[in-house]
Amino acid sequence: MNYIYIDKEPELKKALEHLSKGNIWFIDTETTPKDIRLFQVALEKGPIYIIDFLYIKSAKDFIKDIISTKGIVGHNLKFDLKYFLKYDIHPYTTFDTMIGAQLIGLNRVSLSNVYNHFTGEVLDKKEQFSNWGVKELTQNQLLYAAKDVEVLRLLYEKLKKELDKEPIIIDILQKSRVANVFNLRSSYAIVEMGFVQELAKIEYTGISIDQSEIEKQKQALLSKTQKIAMDFYINYRIDISSPKKLGEFLEKKLKIPMLHTQKDNISTDDSILMEYLDNEDKKVRDLISKVLEFRKLHKLQEKLEEVLGYSQNERIHPEFWQIGTITGRMSSLKPNVQNIPRELRNILKAKEGYTLVIGDFSQIELRIAADYVGDEIMISVINKGEDLHRFTASIITNKDPKDITKEERQMAKAANFGLIYGMSERSLAIYAKNSYGVEMTKEEARRFRDVFFHTFQGIKAWHDGIKKELRTKGEVHTKTMLGKPLTAHTFTDAANYPIQGTGAELLKLAVLIFAQEIKKSSLDASVVNLIHDEIVVETKKDQATEVSKLLEKAMKKAGSIVLRHVNVESEVITNNTWIK
DNA sequence: TACGGTAGCTCG
DNA sequence: GTACGAGCTACCGTAC
């Protein structure tokens, strides 16, 4: 392997002269906690340059100009890009081999795992956590640094080939930077590769939190939960937060017949406990309601602690996994900002002088499902701007849509979601009860289901197709609407995956379009949170109106690119804190 | 005392 | 025959 170590400016200039000839740079960095130490870069052929930032203070400035015209290939680029953002370094576009590996379905996606997957050989990673702050780097450290870039060239070729197998091609995406520079055709891969850069920005930016509001709420909750727990212990001699003790008490002391979990523990979750809220024994009623109240408040308290634990100067920097789920949805951690209870959303806010602009896709999964399966009735109801839940309710009750009660509509909402994804009659009845408090007999559930599938025959045909494929092949091969392949082993997985996966693509594409528009307009706006069908943006107060318009437009545009028959709608609001 | 599994709850 | 996808905390049993 041919590498050149560079620690002087004239040599750097010479190297960059050579490097400027290629459009694609294969890169990696070695870092200390605070800073970049080495920047390794190579073209598709030729030597690997190892640039030592410790000895060339001007290196960042030289690289900054050239890299803004290059497509960079790297493994887990979000990591490197966050360092780049610190120095205002912006590559032209990106191709991430870790994301690529996840997209083709590999479970273990470290550089060495992916290398091993394609070559069968082992990549030595011993030097990875060596000290990159020392003055004199060892030969082994330099060899290791160069090798990481060397393997990228191979992985890039292999992954590109795999990603472009049977691509779904969408013209407008072919004009993107990713498609042009890397000659990539597959739509989902284009979106995911471009999105890496946006996600790095989101993590780097973080989001403001209202520390005093958190403290205030925390104290209020603490005094309430402590009182409940203490009273509970005095009355029943049980730790209220122990489901095990509670279950034993209910079953053995109060002689209540309790359901058991699969592992034979006593089930004490809220939906079970709620069954006893109308128990004839006042003691039981009081006990249950105290437990439910305690759990609710305690959960909120925990979430406040979780957020507070990651606070740095009134801001948090949650991590996002770009391919966080099998379907391609993101996940969020440290803290998880995708499951903050509605009651607590006001703890996330815009910084001083700024405001949040919040965009939501309206009923996006239903729209995707209608489009995906091509259900004519569903498509026509949605595109006429009618309320699909009300429509379903009117079909089932045989009433005029305008006479549908709130309860009937809620019921139909449960049916629309559940039945599309293969929910059973039994589950439908349970779901209706738990989520909407609607009692439903098994017979009602069955009739509900029959009418639903008789009306939405596209959905019916789609389900039948899945069942047949599952019967004959034992698994189902599906694709998102941008072409990401997904394999399912159960009927319900096969019904869910492509819809949820397409939703994830739609959100990412919307963020890309929005970011592009913001860049063109030179408005001061940053995406600060993403929650599956929602985009949260922080922007200067006096630019909020303009940013709102761009966000709404970007979301609809993304919708029109991904869906071909169904209109996509978005609702955008402006608020200082994150409230819907 | 450390760790993994489970239950429970939050979000979409 | 089966709605799906996540992350975090506390509890609880087990291993050391």
**Asked** Does the side chain of A:Ser424 get closer than 4.0 angstrom to OP1 or OP2 of C:dT2 through an N or O atom?
**Response** yes
**Message:** Has A:His317 got a side-chain atom pairing as donor or acceptor with A:Tyr204's backbone, closer than 3.5 angstrom?
**Reply:** yes
**Prompt:** What does A:Leu428 touch in the nucleic acid at a heavy-atom separation under 4.0 angstrom: a base, only the sugar-phosphate, or nothing?
**Reply:** nothing
**Request:** Mind checking A:Lys303 for me? I need base, sugar-phosphate or nothing, with any heavy atom below 4.0 Å counting as a touch.
**Result:** nothing
**Request:** Give one of base, sugar-phosphate or nothing for A:Lys244, where a contact means two heavy atoms less than 4.0 Å apart.
**Result:** sugar-phosphate
**Asked** Any donor-acceptor pair under 3.5 Å joining the side chain of A:Arg329 to the base of B:dG12?
**Response** yes
**Request:** Using whole Å, report how far CD1 of A:Ile364 lies from P of C:dC4.
**Result:** 22 Å
**Request:** Ignoring backbone atoms, test whether A:Tyr497 places a side-chain nitrogen or oxygen under 4.0 Å from the OP1 or OP2 oxygen of C:dG5.
**Result:** yes
**Message:** Taking the cut-offs as 6.0 angstrom to the six-membered ring centre and 45 degrees off its axis, would you call A:Lys351 and A:Tyr354 a cation-pi pair?
**Reply:** yes
**Message:** Counting the atoms with a prime plus P, OP1 and OP2 as sugar-phosphate, which does A:Ile326 contact under 4.0 Å by heavy atoms, base, sugar-phosphate, or nothing?
**Reply:** sugar-phosphate
**Prompt:** Closest to the A:Lys334 side chain: C:dC11, C:dG5, C:dC8?
**Reply:** C:dC8
**Request:** Tell me which nucleotide among B:dG12, C:dC11, C:dC4 gets nearest to the side chain of A:Arg345.
**Result:** B:dG12
**Message:** Ignoring hydrogens, what is the shortest heavy-atom contact between A:His75 and A:Val114? Give both atom names and the distance.
**Reply:** CE1-CG2, 3.9 Å
**Item:** Nearest-nucleotide pick for A:Ser331, side chain only, options being B:dG8, C:dG5, C:dG7
**Value:** C:dG7
**Message:** Side chain of A:Leu333, heavy atoms from C-beta onward: which of B:dC11, C:dT2, C:dC8 has the nearest atom to it?
**Reply:** C:dC8
**Asked** What is the distance, rounded to the nearest whole Å, between atom NZ of A:Lys484 and atom P of C:dG5?
**Response** 13 Å
**Message:** Test your reading of the model: is there a side-chain donor-acceptor pair from A:Asp210 to the backbone of A:Ile347, 3.5 Å cut-off?
**Reply:** no
**Asked** To the side chain of A:Asp533, which of C:dG5, B:dG12, B:dT10 is closest?
**Response** B:dG12
**Fill in**
To the nearest angstrom, the NZ-C1' distance between A:Lys245 and B:dG8 comes to 17 Å
**Message:** Under a 3.5 Å cut-off for both contacts, is C:dG1 paired Watson-Crick or G-U wobble with anything, and if yes, with which nucleotide?
**Reply:** none
**Prompt:** Whole-Å distance between B:dG12 P and A:Trp321 CH2?
**Reply:** 24 Å
**Request:** Return no unless some side-chain N or O of A:Ser267 is found under 4.0 Å from OP1 or OP2 of B:dA7.
**Result:** no
**Asked** Can you tell me how far C1' of C:dG1 sits from CZ of A:Arg446, to the nearest Å?
**Response** 13 Å
**Prompt:** Counting only heavy atoms not in A:Arg426, do more than 12 fall under 6.0 Å of its CZ?
**Reply:** no
**Message:** Without decimals, in angstroms, what is the distance between A:Trp578 CH2 and B:dG12 C1'?
**Reply:** 10 Å
**Request:** Side chain of A:Lys299 only, please: which of B:dC11, C:dC4, C:dG7 is the nearest?
**Result:** C:dG7
**Message:** Let's see if you can work this out: which of C:dC11, C:dA6, B:dT10 has an atom nearest to the side-chain heavy atoms of A:Pro243?
**Reply:** C:dC11
**Prompt:** For A:Lys556, does the NZ atom sit with more than 12 other heavy atoms under 6.0 Å from it, leaving out its own atoms?
**Reply:** yes
**Item:** C:dC12: pairing nucleotide in any strand, Watson-Crick or G-U under 3.5 angstrom
**Value:** B:dG4
**Request:** Identify which nucleotide among C:dT2, C:dC4, C:dA6 has an atom closest to any side-chain atom of A:Phe491, counting heavy atoms from C-beta outward.
**Result:** C:dT2
**Message:** Tell me whether the side-chain N/O atoms of A:Ser332 come closer than 4.0 Å to OP1 or OP2 in C:dG7.
**Reply:** no
**Request:** Find the distance A:Arg295:CZ to C:dA10:P and express it as a whole number of Å.
**Result:** 15 Å
**Message:** Side chain of A:Thr492, heavy atoms from C-beta onward: which of B:dT10, B:dG8, C:dT2 has the nearest atom to it?
**Reply:** C:dT2
**Item:** Quiz item: A:Gln500 side-chain donor-acceptor pair to C:dC4 base, under 3.5 Å
**Value:** yes
**Request:** Figure out the CG/P separation between A:Leu246 and B:dT6, and round it to whole Å.
**Result:** 21 Å
**Item:** Cationic N near anionic O, under 4.0 Å, A:Glu538 to A:Arg315
**Value:** yes
